[in-house]
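Residue indices begin at 1 and follow the sequence shown.
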Amino acid sequence: MRAFTVHKILHLHIQTDRQTDRHTHDKVITMSLLEQSSGETKMGSSGLEQVEHHPYLQVGVELSSDMKWSKHISQITTKANQMLGLLKRNIYHASSRTKSIAYKALIRPRLEYCSATWDPHHKSEIQKLESLQNRAARFTVGDYSRDSSITKILKELEWDSLQNRRMISRLTTIYKETHGIIPNNISAFQQSSVLRHPQTRQTGNYKYNSITVNKDCYRYSLYPRSLPEWNHLDFDIRNAPSVESFKSKLGAIDMEWLSTKAHYGA
């Protein structure tokens, strides 16, 4: 993938040999007609500057030409670290409740904005995000002892892991699309362009066909990654009457077990 900028607008030119991948990218990203002559890429009469990465302001994420999210994750953790430092300087002596509210209002949203899109699968990136929440948790309770258990601290604060929260966010997006709360783009990614079962509240099982992929950058994107997990949810969860009810039912599930069963069949 090559990224170009013109007048602060980002345009992506994606080359692929797979028809399914091309179809998917056409749906995810609005493609621009690019022309090449004498080694220069143009859109109309405007020359385009090739870049390795660029912020996509409409979504609030950093897109990279290698289609990885490491740059974006590095940026959001840096900003979240800066905010945590600000809180330590200004509300160090505040109550744990006040610190917790500040974290949830000023730091965690920075680590989760649009996370259904960029949810990482590399352990190093997952840990980079979790370690920041762990530091925030120790600050919140005022416990920096090496002998104290961060797992116990998080449990006392009732803070779920960021990894679980991102998975819930992805599945909630699938729920909203399936039940017509937001526009449904899923059928466009189905090989048959239809659901396995009729999509009605009375008779539908709300299951989807799996998406066959070859590249990790696509395999771990929203739909190929989330649809197998969605299909492994019990029917009463997929058919929950509201978003709040759906999230509540998900909260009772071991998300790590669900992910393992959906992707590895264990």
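Between Trp230 and Phe246, the ring-plane angle classifies as tilted under the 30° and 60° cut-offs.
For Lys247, the NZ atom sits in a loose shell: 12 or fewer heavy atoms of surrounding residues, nucleotides or ligands are nearer than 6.0 Å. Within a 6.0 Å sphere centred on CD of Glu156, other residues, nucleotides and ligands contribute more than 12 heavy atoms. Surrounding NZ of Lys152 are at most 12 heavy atoms belonging to other residues, nucleotides or ligands under 6.0 Å away.
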Leu162/Leu132 under side-chain contact (heavy atoms from CB on, under 4.5 Å): CA gap, chis, key distance, verdict: CA-CA 10 Å; Leu162 295 177; Leu132 198 151; over 6 Å; no
So Arg225 and Asp119, salt bridge (charged side-chain N to carboxylate O under 4.0 Å, His left out) or not? Walk me through it. CA-CA 10 Å; Arg225 186 179 188 181; Asp119 186 10; 3.5 Å; yes
Test Arg238 against Lys207 for side-chain contact (heavy atoms from CB on, under 4.5 Å), laying out the working first. CA-CA 9 Å; Arg238 298 194 304 271; Lys207 283 191 174 183; 3.7 Å; yes
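No donor-acceptor contact under 3.5 angstrom links the side chains of Ser242 and Ser245, judged on distance only. For the residue pair Arg165/Ser115, the side-chain donor-acceptor check at 3.5 Å is not satisfied.
Between the side chain of Ser96 and the main chain of Thr140, a donor-acceptor pair closer than 3.5 Å is present.
A continuous path of hydrophobic side-chain contacts links Leu129 to Leu157 [ILVMFWY only; heavy atoms under 4.5 Å]. In the hydrophobic clustering of ILVMFWY residues, with side-chain heavy atoms under 4.5 Å counting as a link, Ile101 and Tyr92 come out apart. Linking Ile, Leu, Val, Met, Phe, Trp and Tyr residues whenever their side-chain heavy atoms come within less than 4.5 Å leaves Tyr220 and Ile73 in two separate clusters. Under the 4.5 Å side-chain heavy-atom criterion for Ile, Leu, Val, Met, Phe, Trp and Tyr, Val141 and Leu106 are members of the same hydrophobic cluster. Linking ILVMFWY side-chain heavy atoms closer than 4.5 Å, directly or via other members, places Ile126 and Ile150 in two distinct hydrophobic clusters.
What you find for Leu111 and Trp118 is that their closest heavy atoms are O-CH2, 3.1 Å. Among all heavy-atom pairs drawn from Trp69 and Glu125, the shortest one is C-OE2, 4.4 Å. Taking both residues in full, the closest heavy atoms of Gln133 and Asp160 are given as NE2-O, 3.2 Å, listed atom of the first, atom of the second, then distance.
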